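Just so it is clear, the model here is predicted, and its values are computed rather than measured.
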2 protein chains.
Amino acid sequence: MTEGARELPGTREAAEAWESLFRAQVALMRRFQRDDVWGDLSIREYDVLFTLSGCPDGTARLRDLGENSLLTQPSLSRMVERLEQDGLVRRGPVEGDARGVAVALTQDGWRVQREIGRRHVRTIRRLVGGALDAQELATLQALTDKLRAAQAGIPDESDA
Amino acid sequence: MTEGARELPGTREAAEAWESLFRAQVALMRRFQRDDVWGDLSIREYDVLFTLSGCPDGTARLRDLGENSLLTQPSLSRMVERLEQDGLVRRGPVEGDARGVAVALTQDGWRVQREIGRRHVRTIRRLVGGALDAQELATLQALTDKLRAAQAGIPDESDA
DNA sequence: CGCCGGTCCATGCGTACGCATCGACTCTCG
DNA sequence: CGAGAGTCGATGCGTACGCATGGACCGGCG
């Protein structure tokens, strides 16, 4: 603490860590986007398929899909509509809640996700695995997992 | 290595680290977006102002701005056009290259960036600083800096 | 000097996005 | 059981986006 400014402890550290995290994500994302592995769909659409592929039966509620996405609810709703027209997902009712929409991967959806994922993971290995060793990767994963998990416990506004 | 699959060493570790990093970024970004600190401009527009605020004289070439952004060149071009109409930046010629466009923060641009930045950094401190301690933040920053820096040295295609 | 490939930014165009809102349904509570 | 608040997803509408392309300029080479 060499400055005289009455800065709350940890503010600079937090801001700089976030900026580094954000910039790293942007730099990698730019390269992933340029990568020629996405076929006909956008990286955001792939992300939805990927999320579904990690859900039981490749199925999730529209609402739950939105939790892991930066898209707004209307945008996600229309994206799923397009994915259904492309035959990659199917929309159906939710057991026990007539408001809900269940989104499920079709056979084609599984296949497309697997094919793109296989190519994509190769790029990840090259760009991420080529930058950090196994120990560093484990540490990075632990820290970002912790960072993400903690968000659930922090309220929207701090002014108690 | 307990699996029989012929998986290249480090592939899973790299993929899992990237997914954790990505999800953490999405989770934080969602909360930042909901945060009521952005005034009239989008988070992407603020990011441009923030980048400019870290450049000498608050000035950068359009091309260089694009390097730190996920936006395409045409989108960035039009965003800067809007920011100029809003009086936040000024476009001018580049010394020694008549093709280039220099983007500079105006007085209003500096002020708006500072005001939003001040509020935003408070949220960062709460959500990021509230999740990791100083040591962890330093480690996270070091790893993501290294990850980002390494991208410059990795070619687009690996198939030599 | 004149040409030619490469770079930099702008523009036409179709599409996906976010915001506001709506209709349908669920849940709570009197 | 019925009313009102809350949740979930769809839709109208204006706008920002990405893709393809164009025009201006730079740099190298004959």
For B:Leu70, answer base if it contacts any base atom (sugar-phosphate contacts may also be present), sugar-phosphate if it contacts only those atoms, and nothing otherwise; contact means non-hydrogen atoms under 4.0 Å.
-> sugar-phosphate
Applying salt bridge (Lys or Arg N to Asp or Glu O under 4.0 Å) to B:Glu115 and not counting sequence neighbours gives B:Arg111
With sequence neighbours left out, which residue pairs that include part of residues 83-112 of chain B fulfil the ring pair (Phe, Tyr, Trp, His ring centres under 6.0 Å) condition?
-> none
For A:Asp47, the salt bridge (Lys or Arg N to Asp or Glu O under 4.0 Å) test, sequence neighbours excluded, returns B:Arg23
Under the salt bridge (Lys or Arg N to Asp or Glu O under 4.0 Å) test, residues paired with A:Arg119 that sit two or more places apart = none
When you look at CZ of B:Arg34, are more than 12 heavy atoms from neighbouring residues, nucleotides or ligands closer to it than 6.0 Å?
-> yes
With nearest nucleotides of DNA chain C determined for A:Arg78 and B:Arg78 from heavy-atom distances, which residue corresponds to the more 5′ nucleotide?
-> B:Arg78
Using a 4.0 Å heavy-atom cut-off across all strands, classify B:Leu71 as base, sugar-phosphate, or nothing.
-> sugar-phosphate
Residues at least two apart in sequence or cross-chain that pass ring-ring contact (aromatic ring centres under 6.0 Å, His included) with B:Phe22, listed by chain then number, are B:Trp18
Partners of B:Arg31 by salt bridge (Lys or Arg N to Asp or Glu O under 4.0 Å), sequence neighbours excluded?
-> A:Asp156
Taking any atom under 4.0 angstrom from a heavy atom of chain A, which nucleotides of DNA chain D are the first and last to qualify, 5' to 3'?
-> D:dG6 to D:dC13
Distance-only check: which donor-acceptor pairs under 3.5 Å involve side-chain atoms of residues 55-62 of chain B, not counting sequence neighbours?
from	atom 1	to	atom 2	distance (Å)
B:Thr59	OG1	B:Asp57	O	3.0
B:Arg61	NH1	B:Asp97	OD2	3.3

Extract all donor-acceptor atom pairs below 3.5 Å that involve side chains of residues 139-155 of chain B and protein atoms in other chains or at least two apart in sequence.
from	atom 1	to	atom 2	distance (Å)
B:Thr139	OG1	B:Gln135	O	3.0
B:Thr139	OG1	B:Gln135	NE2	3.4
B:Thr144	OG1	B:Leu140	O	2.8
B:Thr144	OG1	B:Gln141	O	3.1
B:Asp145	OD1	A:Ser20	OG	2.9
B:Lys146	NZ	A:Glu136	OE1	3.2
B:Lys146	NZ	A:Glu136	OE2	2.7
B:Gln151	NE2	A:Leu127	O	3.0
B:Gln151	NE2	B:Leu147	O	3.0

Run the side-chain donor-acceptor check on residues 76-88 of chain B: report pairs under 3.5 Å with partners two or more places apart or on a different chain.
from	atom 1	to	atom 2	distance (Å)
B:Glu84	OE1	B:Arg91	NE	3.0
B:Glu84	OE1	B:Arg91	NH2	3.3
B:Glu84	OE2	B:Arg91	N	3.0

Can you name the atoms? Protein N/O to nucleotides 20-29 of chain C N/O, anything below 3.5 Å, with the distance.
from	atom 1	to	atom 2	distance (Å)
C:dT26	OP1	A:Ala98	N	3.3

Per the under-4.0 Å heavy-atom filter, residues of residues 31-66 of chain A near DNA chain D come out as A:Arg61, A:Leu62, A:Arg63
